[in-house]
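The sequence lines fix the lettering, A, B, ..., with proteins before strands; numbering per chain opens at 1.
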Number of protein chains: 2
Amino acid sequence: MSLPHAILTALLEKPSSGLELARRFDKSIGYFWSATHQQIYRELGRLEKAGLIRALPAAPARGQKKEYEVLPDGRAALSAWVAEAGAPRPVRDPLLLRMRAAAVVGTAGLAEEIRRHLDLHRRQLAEYRAIEERDFPPERDSAEDRLRHVVLRGGIGLETFWTEWLTEALTAVGEPVGEQGNGRA
Amino acid sequence: MSLPHAILTALLEKPSSGLELARRFDKSIGYFWSATHQQIYRELGRLEKAGLIRALPAAPARGQKKEYEVLPDGRAALSAWVAEAGAPRPVRDPLLLRMRAAAVVGTAGLAEEIRRHLDLHRRQLAEYRAIEERDFPPERDSAEDRLRHVVLRGGIGLETFWTEWLTEALTAVGEPVGEQGNGRA
DNA sequence: GGCACTTTTGCAACTAGTTGCATAAGGTTC
DNA sequence: GAACCTTATGCAACTAGTTGCAAAAGTGCC
């Protein structure tokens, strides 16, 4: 039940159309909760029917932009969700699983795949760090900024973990790797 | 497409019935890929139909245990999957999202929830460390052990990340916390 | 005005995961 | 032997997420 709340958050930050939301998801909220435009349109429909958001009075035709804004009930629902109790979700990463399968059937081809992931995570980490430098200079320190910054630091921490773990994994698979990590076996 | 492969791995480690698998998932593979008994039974059926596993010749009646073992095709499929290319999955953690929502609608009730998660992650971390001490003493160091150990170290790394991040988050929400973290506001 | 292209919204069908419940066999207790 | 518990398998219905495609409107070009 997270997607509707992710959408409410995004709409509170700025009223938007479905496509705008989809685009904004791709480069901010989507880092932690990705969604396709299909999911977003469907959810916007549900949220509107539930009376949590409404379409701004404009063209309701097919190829026409339709902007939504959050209603008081929507804000209340989001506020309640923030305090809600929820179990942390277990990890569910296929790569950890594949590593374990490799202990049984052998590591053939795995090193290549680990290197690929390592590269992707290093890129993502660099992107987060760039955002951090751009959006959170030391002088900005309102309460909202501090919260948003902590979220970003979560992303940085996770990517840091993955790069470290993948490096360790590569050694265990039998292929130690240099910093740029492209020496084929 | 990970569940069937998780099951193949578990069955290669030891032929089992559906319920046994479900139980073993709860305390090893399930740390990284949880599954309910329903999912497992359904998947066992599919894997059998696909000729990747077979039921050991025994009672095929309803309330009767039915053990499965992996066939050569199954092992081959698992082996191929280990080398397969796959995108790392984005994070999808509701707590990160809630943190961000809190920047918009306020942090009421959030500290409590963070403290609860912090507690859960600390417990999980302790559990992993206990397993590490029990199952991976320095002298055991076969190739399989090294791989399984790395997987466990992944779990340890993740839980370490979460406990650190949650502590940081708690400060940002405005409630610094002691190590045992139970001082109510 | 016709053609191609982009933007935007959306339906339909599918896969994966979850929840609730039913059914059967076997053991325990009185 | 009836009532009850545990072990074990499984169906059905649901929710969430994904993929592929279609349709309406605007934009540019000749």
Can you check the [X] [atom1] to [N] [atom2] distance for me, whole Å?
X	N	atom1	atom2	value
Lys65(A)	dT6(C)	NZ	P	18 Å
Arg24(B)	dA8(D)	CZ	P	14 Å
Arg46(A)	dG10(C)	CZ	C1'	14 Å
Phe25(A)	dT18(D)	CZ	P	12 Å
Arg92(A)	dA16(C)	CZ	P	12 Å
Leu44(A)	dT8(C)	CG	P	14 Å
Met1(B)	dA16(C)	CE	C1'	10 Å
Glu67(A)	dT7(C)	CD	P	17 Å

State which residues pass ring-ring contact (aromatic ring centres under 6.0 Å, His included) with [X]; sequence neighbours excluded, sorted by chain then number.
X	value
His121(A)	Trp162(A)
His149(A)	Phe136(A)
Tyr31(A)	Tyr128(A)
Trp81(B)	His5(B)

Anything under 3.5 Å between a donor and an acceptor, one on a side chain of residues 38-47 of chain A, the other on a protein residue two or more places apart or in another chain? List them.
| from | atom 1 | to | atom 2 | distance (Å) |
| --- | --- | --- | --- | --- |
| Gln39(A) | OE1 | Thr36(A) | N | 3.2 |
| Glu43(A) | OE1 | Arg46(A) | NH1 | 3.3 |

[X]: side chain to side chain contact (heavy atoms under 4.5 Å, CB included) partners, not counting sequence neighbours:
X	answer
Ser16(A)	Leu11(A), Lys14(A), Glu20(A), Leu21(A), Arg24(A)
Ser34(A)	Pro90(B), Arg92(B)
Pro138(B)	none

*asked:* Give me each pair satisfying ring-ring contact (aromatic ring centres under 6.0 Å, His included) with a member in residues 83-102 of chain A, each pair once, sequence neighbours excluded.
replied: none
*Ignoring backbone atoms, establish whether Arg23(B) has a side-chain N or O less than 4.0 Å from OP1 or OP2 of dA8(D).*
yes
*Under-4.0 Å salt bridge between Arg100(B) and Glu13(A)*: yes
*Do the charged groups of Glu132(B) and Arg153(B) touch, with an N to O distance under 4.0 Å?*
yes
*asked:* Tell me the bend of the helix from dG1(C)-dC30(D) to dC30(C)-dG1(D) as the angle between end helix axes, each from five pairs, rounded to the nearest 10 degrees.
replied: 10°
*Which of the following nucleotides, dT9(D), dG10(C), dG17(C), is nearest to the side chain of Lys66(B)?*
dT9(D)
_Using a strict heavy-atom distance below 4.0 Å, which residues from residues 13-22 of chain B are in contact with DNA chain D?_
Ser17(B), Gly18(B), Leu19(B)
*At under 4.0 Å between heavy atoms, what does Arg89(B) touch on the DNA or RNA strands: base, sugar-phosphate, or nothing?*
nothing
*Members of residues 34-42 of chain B that approach DNA chain C, where some heavy atom sits under 4.0 Å away*: Thr36(B), Gln38(B), Gln39(B), Arg42(B)
